[in-house]
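Before any comments, here is the structure.
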Protein chains: 2
Amino acid sequence: MAQPHELRERGLRLTPQRELVLAAVRELDHATPEEIAEKVRQTHPGINLSTAYRNLETLENVGLVQHSHLGHGGASYHASEEVAHLHLVCGTCGSVGDAPIEVASSFVNELSEDYGFRTDVSHFAVYGTCSTCSQKELE
Amino acid sequence: MAQPHELRERGLRLTPQRELVLAAVRELDHATPEEIAEKVRQTHPGINLSTAYRNLETLENVGLVQHSHLGHGGASYHASEEVAHLHLVCGTCGSVGDAPIEVASSFVNELSEDYGFRTDVSHFAVYGTCSTCSQKELE
DNA sequence: CTGAATCTGCGAATCATTCGCAAGTGGTCT
DNA sequence: AGACCACTTGCGAATGATTCGCAGATTCAG
């Protein structure tokens, strides 16, 4: 009995690499599978990239982590308990800024009411030009 | 003299494949490089995929075409003169719906005022669940 | 018509992600 | 503790999308 581990509780086996992947996602925020594997290697050198990918997928299925698409590159993972927020990706300098999800609430509501579309604003990045780069363009 | 071709006018050489790529982008809307190459092959069988990619990049540099990221897959190209609109991608069924860009105007304004971020709403898809799939979930 | 710079075709290289498979391990049931 | 089996892992190969290197072809200015 005793209280089951959070992974077991979701029907997953408890393996060192799985725990480490989850820990890495929680520690690094917005990390690519590659970066997560790299992090895990610090304590478990042998871990394979495929294993990182597979565990991220598994953890996502049970809702412990989620991924979003930031730049043109690959996906970026973060823990589910993290507060959801918008990602403002600058197409000019590549920086990624954050903004509270509330900024989009009226937009989300409108899409819901008019189109019946339930938006997950944090899944894809919001693309544009950051204030710094906008300034520079004026020069 | 005479009026220069729209491509020459932008400092580009006028090659058959380049014109065809541009024509294909205009004809097919939201096409992947692969689909564009396929289209071009109808009139110019020999065109190489790399050439399509290179020309799309070149055309994008001079502002004649633009690309956006719809699903997890590759980029999708469209002509610049096309009216910008939002892409509503359903994560469940994969469908891509459209919505006028005005729906996002207050959202865009807010980001601009509060964060100085100039948003290009049509570059990345808006991710979520379409009305059809939302319905099904309730059953 | 000629030359130089720009393009194109092609195959190889890259990057991110997924697969197949055999060997290893975790959890359950005795 | 011992045995079993399904789930996992490591590894290398397979994919799919995109980029690169290069030699030969083409465009366009003079």
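Quick caveat, the model's predicted, so the values are computed rather than measured. Chain identifiers are assigned alphabetically (A, B, ...) following the order of the sequence lines, protein sequences preceding nucleic acid strands; residue numbering begins at 1 within each chain.
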*Measure from CD on E35(B) to P on dG16(D) and round the result to the nearest Å.*
16 Å
*What is the distance, rounded to the nearest whole Å, between atom CG of L20(A) and atom P of dT8(D)?*
16 Å
_Determine whether a donor-acceptor pair (one donor, one acceptor, N or O, separation below 3.5 Å) exists between the side chain of R13(B) and the base of dT6(C)._
yes
*Would you mind reading off the distance between H67(B) atom NE2 and dT18(D) atom C1', rounded to a whole angstrom?*
12 Å
*Would you please test R26(B) and E81(B) for salt bridge (Lys or Arg N to Asp or Glu O under 4.0 Å) and show each step?*
CA-CA 9 Å; R26(B) 287 179 170 155; E81(B) 52 262 34; 2.7 Å; yes
*Do any of residues 44-65 of chain B sit with a heavy atom less than 4.0 Å from DNA chain D, and if so which?*
L49(B), S50(B), Y53(B), R54(B)
*Which nucleotide sits closest to the side chain of P33(B): dT18(D), dA4(C), dT8(C)?*
dT18(D)
_Contact under 4.0 Å: R8(B) side-chain N or O vs dA29(D) OP1/OP2_ = yes
*Do the ring centers of H87(B) and H123(B) come within less than 6.0 Å of each other?*
no
*For R18(B) and dC7(C), is the shortest distance between a side-chain N/O and OP1 or OP2 below 4.0 Å?*
yes
*Tell me whether F107(A) is reachable from V89(B) by hopping between hydrophobic residues (I, L, V, M, F, W, Y) whose side-chain heavy atoms are closer than 4.5 Å.*
no
*Any side-chain donor paired with an acceptor under 3.5 Å for H5(A) and E19(A)?*
yes
_Quiz question: by atom type and distance under 3.5 Å, do the side chains of E60(A) and H67(A) form a donor-acceptor pair?_
yes
*Quick one: is Q17(B) getting a side-chain N or O under 4.0 Å of the dG9(C) phosphate, OP1 or OP2?*
yes
_I'd like to know if E38(B) and R41(B) make a salt bridge, using a cut-off of under 4.0 Å between side-chain N and carboxylate O._
yes
*For atom CD1 of I36(A) and atom P of dT17(C), their distance in whole Å*: 11 Å
*In whole angstroms, how far is the P atom of dT8(C) from the CZ atom of R41(B)?*
14 Å
*Rounded to whole angstrom units, what separation is found between the CD atom of E19(B) and the P atom of dT26(D)?*
16 Å
*Just how far, in rounded Å, is P of dA17(D) from CG of L70(B)?*
15 Å
*asked:* For F117(B) and V126(A): C-alpha separation, side-chain torsions, deciding distance, then whether side chain to side chain contact (heavy atoms under 4.5 Å, CB included) applies.
replied: CA-CA 10 Å; F117(B) 189 85; V126(A) 176; 4.2 Å; yes
_On DNA chain D, compare the nucleotides closest to E34(B) and T15(A); which residue's is nearer the 5' end?_
T15(A)
*Between L12(B) (CG) and dC28(D) (P), how many Å, whole number?*
11 Å
